[in-house]
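Written out below as structure tokens is the structure these notes cover.
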Amino acid sequence: MPCRWPGAGAGCIWSIRCRCTWTRHARRPASAPAARFTAALGDARELAEPDAFQDAVLLFGPLYHLTQAGQRRQALAQARRVLAPGGRQLAMAVSRCASLLDGLYADWLDDPVFRPVVDQDLADGQHRNPDPAGRPQFFTTAYFHTPDGLAGEMEQAGFTGVTVYRVEGPGWPLR
């Protein structure tokens, strides 16, 4: 089944045609013994595949690593373009409340560096770690969605029947 896998960097993706069900296989180089897929690094905003080429498109990074709305619109338009009629798209986004929950669980809300990050995330979704090298636990530059905002971006890109599922909730740190 054709699928998409995220690559390194904002908006980069791996284009993978795989016949496997385990995502760990997608990380192996195509030259590895018994490889059953091909992979190529690309940019989610400018896919090389032809129109209506993929049966499924997975966006596991572009919607939160592309911080400008216009860039996310480009990535979604490209996903829509390469998706075959009747195909499915699965897009991952990060909740606007992620830093707040992270801060509560890690006891960072009183941290004078972290608290403004949370406030900005809640206000407009623009997540900025002021010290990514020194404080990598505060994540990276990203955009955090609301459920309605994510659905709206998908619908504006021409996707129909959009459903937003909450995959991870506030109980994740209790593992």
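In this text, all values refer to a predicted model and were calculated from it rather than measured experimentally. Numbering starts at 1 and runs along the sequence shown.
- Under the 4.5 Å side-chain criterion, counting only non-hydrogen atoms from C-beta, Phe60 is in contact with Leu90.
- Heavy atoms only, all atoms of each residue included: Gly134 and Pro136 are closest at C-CD, 3.4 Å.
- For the atom pair NE2 of His65 and CZ of Arg72, the computed distance is 12.5 Å after rounding to the nearest 0.5 Å.
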side-chain contact (heavy atoms from CB on, under 4.5 Å) evaluation trace for Val82 with Asp51: CA-CA 4 Å; Val82 303; Asp51 294 357; 5.8 Å; no
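- The two atoms that bring Ala84 and Asp55 nearest to each other are CB-OD1, 4.2 Å, heavy atoms only.
- Taken from CG in Leu76 to CD in Gln156, the straight-line distance is 9.5 Å, to the nearest 0.5 Å.
- Side-chain atoms of Asp102 and Val118, non-hydrogen and from C-beta on, never get closer than 4.5 Å to each other.
- The aromatic rings of Phe138 and Trp108 sit perpendicular, their planes meeting at an angle over 60°, well past the 30° parallel limit.
- Checking Arg128 against Gln126 by side-chain atom types alone, a donor-acceptor pair falls below 3.5 Å.
- Arg96 contributes atom CZ, which lies 10.0 Å from atom CD of Gln120 (distance to the nearest 0.5 angstrom).
- For the salt bridge (Lys or Arg N to Asp or Glu O under 4.0 Å) test, residues two or more places apart in sequence or in another chain that qualify with Arg115 are Asp119.
- Smallest separation of non-hydrogen atoms from Leu59 and Ala79: CD1-CB, 4.1 Å.
- Side-chain atoms of His127 and Thr67, non-hydrogen and from C-beta on, never get closer than 4.5 Å to each other.
- In this structure a side-chain-to-backbone donor-acceptor pair under 3.5 Å is missing from Arg45 to Gln71.
- For the atom pair CG of Leu101 and OG of Ser95, the computed distance is 7.0 Å after rounding to the nearest 0.5 Å.
- Shortest non-hydrogen contact noted between Leu83 and Phe159 is CD2-CE2, 3.9 Å.
- Using a distance-only test at 3.5 Å, with no hydrogens or angles considered, a donor-acceptor pair links the side chain of Arg81 to the main chain of Glu49.
- Between the Asn129 side chain and the Thr140 main chain, no donor and acceptor come within less than 3.5 Å of each other.
- Looking at heavy atoms from C-beta onward, Leu150 lies in side-chain contact with Leu63 at the 4.5 angstrom threshold.
- If you take OG1 on Thr160 and CE on Met154, they are separated by 10.0 Å, rounding to the nearest 0.5 Å.
- Residues Arg166 and Pro147 form a side-chain contact, since some pair of their non-hydrogen atoms from C-beta on lies under 4.5 Å apart.
- The closest side-chain heavy-atom distance from Phe114 to Gln137 is not below 4.5 Å.
- Here the CE atom belonging to Met92 is positioned 8.0 Å from the CG atom belonging to Leu58, to the nearest 0.5 angstrom.
- Side-chain contact between His145 and Glu153: present, with at least one pair of heavy atoms (C-beta onward) separated by less than 4.5 Å.
- Under 4.0 Å is where a charged nitrogen must lie from a carboxylate oxygen, and between Asp111 and Arg135 at least one such pair does.
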